[in-house]
Enquirer: 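Structure below; questions to follow.
Lettering follows sequence order; numbering is per chain, from 1.
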Amino acid sequence: MVYRHSTSHILAQAVKRLYPEARLAIGPAIADGFYYDFDVPRTFTPEDLERIEREMEAIVAADLPFERFELPRDQALQLVRRAGEEYKAELISGLGPDEVISFYRQGEFVDLCAGPHVPSTGRIKAFKLLSVAGAYWRGDERNKMLQRIYGTSFPKASLLKDHLFRLEEAKRRDHRKLGVELDLFSVHESGPGFPFFHPKGMVLRNQLEDFWRHEHAKNGYQEIRTPIILRQELWERSGHWDHYKENMYFTSIDDENYAIKPMNCPGGILVYRSKLHSYRELPIRLGELGLVHRHELSGVLHGLMRVRCFTQDDAHIYCRPGQVEEEIVRIIDLTEYFYREIFGFDYHVELSTKPEKAMGSDEVWELATNALRGALETRGLKYKVNEGDGAFYGPKIDFHLRDCLGRTWQCGTIQVDFLMPEKFELHYIGEDGERHRPVMIHRVIYGSLERFIAILTEHFAGAFPVWLAPVQARVFPITDRHGPYAREVTETLGRAGIRVEFDGRNEKVGYKIREAQVQKIPYMLVVGDRELESGTVAVRHRAEGDLGAMTLDAFSERVLVEIHTKAR
RNA sequence: GCUGGUGUAGCUCAGUGGCAGAGCAGCUGAUUCGUAAUCAGCAGGCCGUCGGUUCAAAUCCGACCACCAGCUCCA
């Protein structure tokens, strides 16, 4: 961390030497590297980065010592103002009264910095500038956009090389690349952000949905389905019109205004409201694999991770106030079962609190937030707090999963909502015969099927567990005379419930094996004279290689066990 | 949406002002083969779109669209 931060100072020094008009913003170390933000009238090109790198080499070669000094606030301000560094002046003004204001000097270059640093610039052995991108000053889009240069550094050249190699390797797992290669899905210019699922992608998706339905039925959920287009009035009532309009698509039918749903909750509420409920029924858990559309900014679209229409594995739980925490614990348990037991993911949990543009009083938010916090503590889960990051109708717990480049994506979420029940005047009849207001919990486990499929693809690098694999086995006859037997094998396995393909093309076994390996098909079955005579199949596993001959029964038993246990 | 980059065959990519190219994939034929690529032939293009400059544009200029990285925002 210190090491990379020192490298960012060298970057800043090089930039100041080459472009004296550049104003410095901030330059922290980040995971795997560092960046520095500059305000420069011209834009940096890749050639500029090379020039800057060469200047950095010179600074490293000069082995300039890093020297620390401290100044009182007014002198510090004077120093940076004289240098025309208005961003640094703003940073100093933002520091608390008792904070020490320190600077670091290397050669002619001085920068406001808390430190620490390596002793001298010569300690930086291997570095590389990776990219340049825009970034708003203080991360606020109302502020000026600065130019951010990203880079990384390592104590040894070989470590830098390894790191760059790992970045390349990670790209091979990219779900966008694998999605094409494995023929899972596509996106087209005709519908940016609106993905098309191909037959193999649908097999995967349907497996996820079947499993989801099964587990939810076991856990006391009922399934519903609500329409995609509903009257605008509904969205005005729910608060989406006021808080979410810019993300919604609208249409009109017979001169009436309608909206395309960005969330499933208002529709689900209409189902709850369609009859009277007794306290004895609660909690009522209504699940919906609901297709929602949201207008996302064009610059954020990303394969299946970030799209403009997606299917949420949603559910809304209507319960009594006293049941909220227990319900949250149940959802956490179900989520952990999915993530940890079934898929084997690493994830982290965040708790998001009341945002600026929220509905409802602080007291209600406090209550809801405490319920979430209480459930997290009950389960002893570590979590990070995101102040002001909740939904407009309630605070939430989020489960975040990693993609191939280490970026994290929110998948599961649990949101407590006292407000929608209010807006829609929901009630149930209590023991006392009076009307009472239920609490609503919104939750998803996969999050969206699309994003989850993207994460799964990268997590397994396309080599899906057998239960999810679009094709579980492929059968190849060695020559034409083995064709009829190979077909019989294919049919028998198919009848046993295995997704199996027959590859009778006139190609060598090696060719077919290679193709099946590239497709990450878990099992390859070779049949030739030996198998034909003994009534067996020669089994090859995509990771374990040649497993030798097995009877058809033994093979199908093996695969069926893997399918049923969801072996990874 | 903002900053920067990219856009040529299904995929990966060459081609920098003068007839649009390669490998893989596809199709046809030959080969009948034992665990990651058999050989030969054929076909495949609105060079992202629209406009401009030029005798001539994939190539230069402009606008737009899409994609990539990052920022802001979110499942």
Enquirer: Taking only side-chain N and O atoms of A:Arg176, does any of them lie within less than 4.0 angstrom of OP1 or OP2 on B:rC68?
Expert: yes
Enquirer: Nearest of B:rU72, B:rU32, B:rA75 to any side-chain atom of A:Asp480?
Expert: B:rU32
Enquirer: Indicate whether any N or O donor in one side chain lies under 3.5 Å from an N or O acceptor in the other, for A:Tyr511 and A:Arg505.
Expert: no
Enquirer: Touch check for A:Arg451, heavy atoms < 4.0 angstrom, all strands: base, sugar-phosphate only, or nothing?
Expert: base
Enquirer: Regarding A:Val307, tell me which of base, sugar-phosphate or nothing describes its non-hydrogen contacts under 4.0 Å with the strands shown.
Expert: base
Enquirer: Rounded to whole Å, how long is the line connecting atom CD1 of A:Ile26 with atom P of B:rG70?
Expert: 17 Å
Enquirer: Taking only the side-chain nitrogens and oxygens of A:Thr413, find out if one of them lies under 4.0 Å from OP1 or OP2 of B:rA75.
Expert: no
Enquirer: Check this one for me: any side-chain N or O of A:Arg407 less than 4.0 Å away from OP1 or OP2 of B:rG70?
Expert: yes
Enquirer: Does this structure show an ion pair linking A:Glu515 with A:Lys512, if we count only N-O contacts that are shorter than 4.0 Å?
Expert: no
Enquirer: May I ask you to say what A:His302 touches in the nucleic acid, namely base, sugar-phosphate or nothing, with a heavy-atom cut-off under 4.0 Å?
Expert: sugar-phosphate
Enquirer: For the side chain of A:Ser131, counting heavy atoms from C-beta on, which of B:rG1, B:rA69, B:rA37 is nearest?
Expert: B:rA69
Enquirer: Taking the C1' atom of each, how far is B:rA75 from B:rG23, in whole Å?
Expert: 40 Å
Enquirer: Of the candidate nucleotides B:rC74, B:rU35, B:rG26, which contains the atom at the shortest distance from the side chain of A:Glu296?
Expert: B:rC74
Enquirer: Decide whether a cation-pi geometry holds between A:Arg148 and A:Tyr35; the criteria are a distance under 6.0 Å from NZ or CZ to the six-membered ring centre and an angle within 45° of the ring axis.
Expert: yes
Enquirer: Please lay out, stage by stage, how A:Tyr523 and A:Phe555 fare under the test ring-ring contact (aromatic ring centres under 6.0 Å, His included).
Expert: CA-CA 10 Å; A:Tyr523 289 101; A:Phe555 173 73; 5.2 Å; yes
Enquirer: Looking at every strand, decide which applies to A:Met305 at a 4.0 Å heavy-atom threshold: base, sugar-phosphate, or nothing.
Expert: base
Enquirer: What's A:Phe476 touching, base or sugar-phosphate or nothing? Going by heavy atoms closer than 4.0 Å.
Expert: nothing
Enquirer: I'd like to know if the side chain of A:Thr335 pairs up with that of A:Arg443 as donor and acceptor (distance under 3.5 Å, no hydrogens or angles considered).
Expert: no
Enquirer: Under 4.0 Å from OP1 or OP2 of B:rU32: is there any side-chain N or O of A:His482 that close?
Expert: no
Enquirer: Heavy atoms from C-beta onward define the side chain here; which of B:rA75, B:rA69, B:rU32 lies closest to that of A:Gln312?
Expert: B:rA75
Enquirer: Are A:Arg540 and B:rG34 close enough that a side-chain N or O sits under 4.0 Å from OP1 or OP2?
Expert: no
Enquirer: Have a look at A:Leu301 and say if it touches a base, only the backbone sugar-phosphate, or nothing, with a 4.0 Å heavy-atom cut-off.
Expert: sugar-phosphate
Enquirer: Does the base of B:rG70 carry an N or O that pairs as donor and acceptor with the side chain of A:Tyr136 under 3.5 Å?
Expert: no
Enquirer: Pairing donors with acceptors under 3.5 angstrom, does anything connect the side chains of A:Glu533 and A:Tyr485?
Expert: no
Enquirer: Relative to the 5' end of RNA chain B, which residue comes earlier, A:Val518 or A:Pro192, by the nucleotide with the nearest heavy atom?
Expert: A:Val518
Enquirer: Using a cut-off of less than 4.0 Å, is there contact between a side-chain N or O of A:Lys396 and OP1 or OP2 of B:rA75?
Expert: yes
Enquirer: Heavy atoms only, 4.0 Å cut-off, all strands: where does A:Ala516 land among base, sugar-phosphate and nothing?
Expert: nothing
Enquirer: Using the C1' atom as the point on both nucleotides, what is the distance between B:rG45 and B:rG15, in whole Å?
Expert: 14 Å
Enquirer: Measure the distance between the ring centre of A:Tyr511 and the centre of the six-membered base ring of B:rA36, then answer whether it is under 5.5 Å with planes under 30°.
Expert: no
Enquirer: Measuring to OP1 and OP2 of B:rA36, would you say a side-chain N or O of A:Arg542 lies under 4.0 angstrom away?
Expert: no
Enquirer: Could you measure between the two P atoms, the one in B:rG18 and the one in B:rA57, and give it in whole Å?
Expert: 11 Å
Enquirer: Heavy atoms only, 4.0 Å cut-off, all strands: where does A:Asp529 land among base, sugar-phosphate and nothing?
Expert: base
Enquirer: Can you check whether any acceptor in the base of B:rG34 is under 3.5 Å from a donor in the side chain of A:Glu531, or vice versa?
Expert: yes
Enquirer: Find the partner of B:rG4: check Watson-Crick (N1-N3 plus N6-O4 or O6-N4) and G-U wobble (N1-O2, O6-N3) distances, both under 3.5 Å, and reply none if neither fits.
Expert: B:rC68
Enquirer: Parallel, tilted or perpendicular, judged at 30° and 60°: which one describes the rings of A:His188 and A:Phe196?
Expert: perpendicular
Enquirer: Determine the contact category for A:Glu507: base if any of its heavy atoms lies under 4.0 Å from a base atom, sugar-phosphate if only primed atoms, P, OP1 or OP2 are that close, otherwise nothing.
Expert: base
Enquirer: Just name whichever nucleotide pairs with B:rA36, Watson-Crick or G-U, keeping both distances under 3.5 Å, else none.
Expert: none
Enquirer: I'd like to know if the side chain of A:Asp314 and the backbone of A:Gly290 have a donor-acceptor N/O pair within less than 3.5 Å.
Expert: no
Enquirer: Report which part of the nucleic acid A:Gly528 touches: base, sugar-phosphate, or nothing (heavy-atom distance under 4.0 Å, all strands).
Expert: base
Enquirer: Given that A:Gly510 and A:Arg294 both sit by RNA chain B, which one's nearest nucleotide is further toward the 5' end?
Expert: A:Gly510
Enquirer: Base, sugar-phosphate, or nothing: which does A:Gly139 touch, judged by heavy atoms less than 4.0 Å apart?
Expert: sugar-phosphate
Enquirer: Is any side-chain N or O of A:Arg306 under 3.5 Å from a base N or O of B:rC73, one able to act as donor and the other as acceptor?
Expert: yes
Enquirer: Closer than 4.0 Å, any side-chain N/O of A:Gln410 to the OP1 or OP2 of B:rC74?
Expert: no
Enquirer: Which base, if any, makes a Watson-Crick or G-U wobble pair with B:rC60, both distances under 3.5 Å?
Expert: B:rG52
Enquirer: Give one of base, sugar-phosphate or nothing for A:Val444, where a contact means two heavy atoms less than 4.0 Å apart.
Expert: nothing
